Amino acid sequence: MIYSAKATAINGLAESVLLALGEHPDNFRWDNSLWNVFESVCKEELGDNDIILTAAKKGVICHNNRLPTLVRIAIERLMRSKPPLIIIASSTLGQGVNIGISTVIISTPYFSDKTISNRDFWNICGRAGRAFSDVEGKILYAIDTTASTDKERWRVNKDMQLANKYFDNQKMEEVKSGFLVALRQIYRNAEKTKTDFTVLLEAIANDSIDTDIREDFAKWLNWLFDFLDDELLAMHEDFSLDENNIDWIDDVFRKSLALIQAESEHKEDYINLLQARTKALLNRIPNRVTRKKLIASGIPLTVSKAMLDDIDKFKSLALSFMLSTTTEDQIEQINNIVREIEIWSNNNAANLTGSIPNQNTLDKLRHNWISGLPLSVIAKSEPQADKILKDYYGFALPWIIHAISQVFDSESEQVFIQAYASIAMFVELGLPDITSSNIYGWCAFTKCRFRTFNF
């Protein structure tokens, strides 16, 4: 793997690699059906002569976070089917998709005028060495040492010093608990707002933060707990010996990195704080079946709880989808359902979706995307189409729609679960129905222009 922290440098590196392979390198022997899918998607999304496609023909895979969703999925399926000759990637693949790599070449650790951290550097290098195959991995750190001017010599010296820093065992970054950072900040904010810690524990345990704690502190505390609550409930389900017994917190967290690194004088306070919050959550959601639904959603508790409160609304939307009889009608129903979920998300889950595109912009893109219109055509109507389709429709919104599917009862409401699971898939892939999605997913046909099918 050739690693570049700069995603913009990957295409240039691919051109250099192809040049190094010789004038007429052999085509790589990919699985035919998977290759035909990849080729069709690339031509549709990127064009016939894009370097991503040209390089892949020779076994050189380019991967970065700017790839259209369909291209990224097709690339990752190719790599899982057979290890490529060379991978050129940014941190997206460097620390993501699991694939056997014998050698890692560091092309550049600079992603701007700044560099990746020691920890990220060694996470990347840790990929070198294929499991059950290599005794050790090889790491090559590339530095251009040609220098004819003082400025170039300064650059070489700077790069050498950076390399030495990465490889210096004495400068390895210590692993720190992010959870401990959160606990410490709660304690410090209590001191800053002159909130007695005993009073704070009582307010947390009684679920009365909003009334018993200073408003600005309460608002911040609720925001922080939003990141922790679903995990505390999930751990309670895993470790509790009794439905309402919270003794597991002491046993589990005393062995955690957070409490091992915590100051000895605050360890009891942190344990008491976690017990208080877990007690409040169990009182807030006493029904175990309900708790499991909220945990299964995989999103913050406040958002999943809002979904459960609006479950009748989501049932009604799903029924309109299930009653559609033609492809055209189904696309219209999906379009309407997704629009309603967009509006709901804007009101209830803005912290998950990030910067939500303007609703008028979404209305211009949504129907064309779900209908399977090529990205190149959709982009003509909206300059930001590529980013919106990739980040919002390709990731954020399907995540929320899938979470909706998890708040239904797994036995009596299976039809609703399946309906939202299907809608999430349609939105992520930009395909109109199960048939086209299955063809894409299973590679049942070859040389198909999936996003222009009319079933």
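Remember, it's a predicted structure, so these values are computed and weren't measured experimentally.
Across all their heavy atoms, Q359 and I343 have their closest contact at OE1-CG1, 3.9 Å. When all heavy atoms of A280 and I204 are compared, the closest pair comes out as CB-O, 3.0 Å. Of all heavy-atom pairs between P286 and R291, the closest is O-NH1, 3.2 Å. Closest non-hydrogen pair, K6 versus T108, comes out as N-CG2, 4.5 Å. Residues D230 and I295 come closest through the heavy atom pair O-CG1, 4.3 Å. Nearest approach of I88 to V60, heavy atoms of both residues: CD1-CG1, 3.7 Å.
Atoms CZ and CG, from R339 and D363 in turn, are 4.0 Å apart once rounded to the nearest 0.5 Å. From T115, atom OG1 reaches atom CG of D120 across 10.0 Å, with rounding to the nearest 0.5 Å. With rounding to the nearest 0.5 Å, the separation of NZ in K138 from SG in C125 is 13.5 Å. Between I417 atom CD1 and S422 atom OG the span is 11.5 Å, to the nearest 0.5 Å. Remark: W220 CH2 to I213 CD1 distance equals 12.0 Å, nearest 0.5 Å. Taking CD1 from I2 and CD1 from I101, the interatomic distance works out to 11.0 Å, rounded to the nearest 0.5 Å.
S240 places no side-chain N or O within 3.5 Å of a backbone atom of E237 that could act as its donor or acceptor partner. With hydrogens and angles ignored, the 3.5 Å screen pairs no side-chain donor or acceptor of S316 with any backbone N or O of K313. Judged purely by atom type and a 3.5 angstrom limit, R155 uses its side chain to pair as donor or acceptor with the backbone of D144. Checking side-chain atoms of N346 against main-chain N and O of E342 turns up no donor-acceptor pair under 3.5 Å. Judged purely by atom type and a 3.5 angstrom limit, D409 uses its side chain to pair as donor or acceptor with the backbone of S412. Remark: side-chain polar atoms of R72 are not paired, donor with acceptor, to backbone N or O of H63 under 3.5 angstrom. The main-chain N or O of N32 is found under 3.5 Å from a side-chain atom of N36 such that the two form a donor-acceptor pair. Judged purely by atom type and a 3.5 angstrom limit, S177 uses its side chain to pair as donor or acceptor with the backbone of L180.
You'll find the side chain of L200 reaches within 4.5 Å of the side chain of L221, heavy atoms only. The shortest distance between side-chain heavy atoms of M79 and P84 falls below 4.5 Å. I106 has its side chain within reach of I124: a pair of non-hydrogen atoms, C-beta onward, lies under 4.5 Å apart. Looking only at side-chain heavy atoms (C-beta outward), L294 and Q406 stay at 4.5 Å or farther from each other. At least one side-chain heavy atom of L233 sits under 4.5 Å from a side-chain heavy atom of L282. Between T290 and L308, some side-chain heavy-atom pair lies under the 4.5 Å cut-off. Using a 4.5 Å cut-off on side-chain heavy atoms (C-beta onward), Y141 and P109 make contact. Between N336 and S320, every side-chain heavy-atom pair lies at or beyond the 4.5 Å cut-off.
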Worked check of side-chain contact (heavy atoms from CB on, under 4.5 Å) between I404 and F416:
CA-CA 9 Å; I404 293 172; F416 296 109; over 6 Å; no
Take I388 and L362 through the test side-chain contact (heavy atoms from CB on, under 4.5 Å) and record every step on the way to the result.
CA-CA 8 Å; I388 293 171; L362 295 178; 4.0 Å; yes
Take Y166 and W122, measure what ring-ring contact (aromatic ring centres under 6.0 Å, His included) needs, and give me the verdict at the end.
CA-CA 8 Å; Y166 284 135; W122 284 107; 8.3 Å; no
Tell me, with the steps shown, if I86 and K58 meet side-chain contact (heavy atoms from CB on, under 4.5 Å).
CA-CA 9 Å; I86 295 171; K58 308 303 177 182; over 6 Å; no
Should F179 and F253 be marked as a ring-ring contact (aromatic ring centres under 6.0 Å, His included) after you check the CA-CA gap, both sets of side-chain angles, and the distance that decides it?
CA-CA 11 Å; F179 189 52; F253 279 100; 5.5 Å; yes
In sequence, state the C-alpha distance, the side-chain angles, and the governing distance for F121 and L162, and then conclude on side-chain contact (heavy atoms from CB on, under 4.5 Å).
CA-CA 11 Å; F121 175 83; L162 179 61; over 6 Å; no
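With 3.5 Å as the limit, one finds no donor-acceptor pair spanning the side chains of Q384 and Y392. T302 and D226 share a donor-acceptor pair across their side chains, judged by distance under 3.5 Å alone.
For K305, the NZ atom is loosely surrounded, since the number of other residues' heavy atoms within 6.0 Å does not exceed 12. The environment of CG in N49 is sparse: at most 12 heavy-atom neighbours from other residues, nucleotides or ligands sit within 6.0 Å. Within 6.0 Å of NZ on K315 lie more than 12 heavy atoms contributed by other residues, nucleotides or ligands. Surrounding CG of N222 are more than 12 heavy atoms belonging to other residues, nucleotides or ligands, all under 6.0 Å away.
Between Y393 and F426, the ring center distance fails the sub-6.0 Å criterion.
Taking the ring centre of F225 as origin, the terminal cationic atom of R277 falls inside the region bounded by 6.0 Å and 45° from the ring axis. For the pair K82 and F28, the cation-pi criterion (under 6.0 Å, within 45° of the ring axis) is fulfilled.
Between E215 and K219, none of the side-chain N atoms (NZ, or NE/NH1/NH2) sits under 4.0 Å from a carboxylate O, so this pair counts as no salt bridge. Ion pairing between a basic and an acidic side chain is recognised when a charged N comes within 4.0 Å of a carboxylate O; D207 and R284 show such pairing.
Relative orientation of the Y270 and Y187 rings is perpendicular, given thresholds of 30° and 60° on the angle between their planes. Between W35 and W30, the ring planes are parallel. Angles under 30° get that label, and only those over 60° would be called perpendicular. The aromatic rings of F314 and W344 sit perpendicular to each other, their planes meeting at more than 60°, with 30° as the lower class boundary.
Looking at V338, N335, I378 one by one, the single match for side-chain contact (heavy atoms from CB on, under 4.5 Å) with W369 turns out to be I378.
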